[in-house]
Number of protein chains: 2
Amino acid sequence: MVNKSKDRSTEERILAAAEKIFLKEGMAGARMQDIADEAGINKAMLHYYFRSKDKLFEKIFSGLSRSFFPKLILIFESDEGLFTKIQMFVTEYINQMKQTPYLPIFVLNEVNRQPEIFIKKMMGNRRPPVNKFFMSIEAEVKKGIIKPVNPAQLLLNILSLCIFPFVARPMFEIVAGIDKKMFDTILEQRKKEVPKFIIDAIKK
Amino acid sequence: MVNKSKDRSTEERILAAAEKIFLKEGMAGARMQDIADEAGINKAMLHYYFRSKDKLFEKIFSGLSRSFFPKLILIFESDEGLFTKIQMFVTEYINQMKQTPYLPIFVLNEVNRQPEIFIKKMMGNRRPPVNKFFMSIEAEVKKGIIKPVNPAQLLLNILSLCIFPFVARPMFEIVAGIDKKMFDTILEQRKKEVPKFIIDAIKK
DNA sequence: GTCTATAACTCGATAGAC
DNA sequence: GTCTATCGAGTTATAGAC
């Protein structure tokens, strides 16, 4: 390690740069030259540290996936009541994605292009992580707290309402004729509005 | 035109092939060779007819956008009541996208990457197409039929619930542990479930 | 209009000096 | 570890015969 004192190491700077470029451009669109420029070094160094573009991408992708999904899944697996879970999930998701707004479309894209790889990386040997959530929904139905709902539909609705705004942000700003600041306000409101919307839709 | 009788013209076959490949792979991922193979001709013809990959992509992209958005926007602009509009939009959207399931993620991606181009191509000089829809929502609020809602939030919710399932299909199948046939069933159910969900959420 | 051949270029990857 | 220079594969694009 030649790096003097306070500077981030070259490796760290490469990882940060690669994450930024890959998130924005996707695997196919990203250029090693762009990553090198962003990191303030040259292409040769990328290969010195990570051998190939594939390997570098793989590192970034699994890092992002791992830092992101588990925390959210935990909420669904928790022992809170359904309404609390929904409130927690929505708030947590919006807060997280405000930090990394390109992440949702990036993940969806790469999963679309290579579902098999995603299965291996993300799921490993685990069973689908939503079983417990489905059961808790059915329990609340039996208790008479919410209407009879298909748990898969409800999960899909929750995910749609949380994730889609980040995926569709540029399109929506254009179609609805609003600017970035207004959209930020809308996102902030959604922390309260979306749980309210969902609960109104399913409560008896 | 050398083409004999019944066969589609070369130009048409190129356009159909390009649409298919671009939809699946995106601009960065698509190869001219793949398009040529799909069309059953060689690469040179692509350039003979459309000069460059950029120009061909541009043609496909604006064609897809134009054939797609306006029909849906029309529903929002119609004179039906709000609940009817929602029911029509959801059904129409799901029917359409079952034909072209790759379209939503394709459009969202390319709009994300080049918002300016999308603005020019799609919007031209028109004003945002949702003003009338927003006003009709506010009218229904005044009439006391629905709760007070932010129209932008409601539109975003409707779009989320319709579009997201197509964008997230592979991911959801994995996370929820379901197969393609089950997902098709879910989509079919959504034609009724989503309007019910929305209306339950906003009606007084 | 259509094809083959190939030029021109982009980009990931490597060699080798320091 | 870092750089410059360059290679080689893969792609877009063009030339030219038919």
Side-chain angles (χ1 to χ4, degrees), chain A residues 1-64 106 109-110 113-114 117, chain B residues 1-64 106 109-110 113-114 117:
Chain A
M1 181 98 46
V2 124
N3 227 288
K4 317 288 190 306
S5 61
K6 62 188 173 185
D7 272 335
R8 277 188 304 172
S9 73
T10 302
E11 184 167 344
E12 281 170 333
R13 283 191 297 143
I14 292 174
L15 286 171
E19 182 173 311
K20 179 172 173 185
I21 301 295
F22 278 132
L23 274 176
K24 207 164 197 163
E25 308 295 338
M27 169 61 179
R31 303 280 158 256
M32 293 295 265
Q33 185 64 63
D34 298 335
I35 296 173
D37 292 349
E38 178 73 30
I41 47 141
N42 60 58
K43 280 188 297 178
M45 296 306 300
L46 301 180
H47 291 94
Y48 176 78
Y49 278 94
F50 297 96
R51 263 198 90 75
S52 72
K53 184 184 177 182
D54 276 350
K55 288 229 184 351
L56 179 54
F57 177 80
E58 145 65 18
K59 196 123 193 163
I60 299 296
F61 182 61
S62 59
L64 285 172
F106 169 80
N109 257 312
E110 303 301 334
R113 300 254 141 84
Q114 321 196 327
I117 291 180
Chain B
M1 182 99 43
V2 123
N3 227 286
K4 315 288 190 308
S5 63
K6 61 186 174 184
D7 272 335
R8 278 187 305 173
S9 72
T10 303
E11 183 167 345
E12 281 168 334
R13 283 191 295 142
I14 291 174
L15 286 171
E19 182 172 310
K20 180 172 172 185
I21 301 294
F22 277 133
L23 273 175
K24 208 164 196 163
E25 309 295 339
M27 168 61 179
R31 302 280 157 252
M32 294 294 264
Q33 184 64 61
D34 298 335
I35 296 173
D37 292 348
E38 177 74 29
I41 49 147
N42 61 58
K43 283 185 296 178
M45 297 307 304
L46 302 180
H47 291 94
Y48 176 78
Y49 279 94
F50 298 96
R51 259 200 92 73
S52 72
K53 182 183 177 182
D54 276 349
K55 288 229 186 352
L56 178 55
F57 177 79
E58 144 65 18
K59 195 124 192 160
I60 298 297
F61 179 61
S62 61
L64 284 172
F106 170 81
N109 254 314
E110 303 302 334
R113 245 138 243 164
Q114 317 195 329
I117 291 179

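Quick note on labels: first sequence line is chain A, next is B, and so on, each numbered from 1.
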Exercise. Does B:R31 make a side-chain N or O approach to OP1 or OP2 of D:dT12 shorter than 4.0 Å?
Worked result: yes

For this session: Ignoring hydrogens and angles, tell me if any N or O in the side chain of A:K53 forms a donor-acceptor pair with the backbone of A:A30 under 3.5 Å.
Result: yes

For this session: Round to a whole Å and report the spacing from NZ of A:K55 to C1' of C:dT14.
Result: 15 Å

For this session: Provide, to the nearest angstrom, the distance between the CG atom belonging to A:D34 and the C1' atom belonging to C:dT10.
Result: 12 Å

For this session: Calculate the interatomic distance between B:M45 atom CE and D:dA15 atom P; express it in whole Å.
Result: 16 Å

Exercise. Distance check: side-chain N/O of A:Y49 vs OP1/OP2 of D:dT2, anything under 4.0 Å?
Worked result: yes

Seminar exercise, completed: Heavy-atom closest pair (A:E38 atom, A:K20 atom, distance to 0.1 Å) is OE2-NZ, 3.2 Å

Exercise. Between B:N42 and C:dC3, does any side-chain N or O lie under 4.0 Å from OP1 or OP2?
Worked result: yes

For this session: Using whole Å, report how far CG of A:L46 lies from C1' of C:dT14.
Result: 13 Å

Exercise. Rounded to the nearest Å, what distance is computed from the CG atom of residue B:D54 to the C1' atom of nucleotide D:dA13?
Worked result: 12 Å

For this session: For C:dT2, take OP1 and OP2 only and decide whether either is under 4.0 Å from a side-chain N or O of B:T10.
Result: yes

For this session: Of all the heavy-atom pairs spanning A:L46 and A:I41, show the shortest one and how long it is.
Result: CD2-CD1, 3.9 Å

Problem set entry | A:K43 NZ to C:dG16 P, straight-line distance once rounded to whole Å | 18 Å

Seminar exercise, completed: Atom CE of A:M27 and atom P of C:dC11 are separated, to the nearest Å, by 13 Å

Problem set entry | N/O (side chain, B:H47) to phosphate O (OP1/OP2, D:dA13) under 4.0 Å | yes

Exercise. Stepwise, does the ring-ring contact (aromatic ring centres under 6.0 Å, His included) test hold for B:F22 with B:F61?
Worked result: CA-CA 9 Å; B:F22 277 133; B:F61 179 61; 10.0 Å; no

Exercise. Across the strands shown, which category fits A:A30 at heavy-atom distances under 4.0 angstrom: base, sugar-phosphate, nothing?
Worked result: sugar-phosphate

Exercise. Counting side-chain heavy atoms from CB outward, which of C:dG12, D:dT14, D:dC3 is closest to B:A44?
Worked result: D:dT14

Exercise. Of the nucleotides D:dG1, C:dA13, D:dT14, which one has an atom closest to the side chain of A:Y48?
Worked result: D:dG1

Exercise. Donor-acceptor pair, A:R113 side chain versus B:K24 backbone, under 3.5 Å?
Worked result: yes

Exercise. Base, sugar-phosphate, or nothing for A:M32, non-hydrogen atoms under 4.0 angstrom?
Worked result: sugar-phosphate

Problem set entry | Spacing of A:I41 atom CD1 relative to D:dT2 atom C1', expressed in whole Å | 9 Å

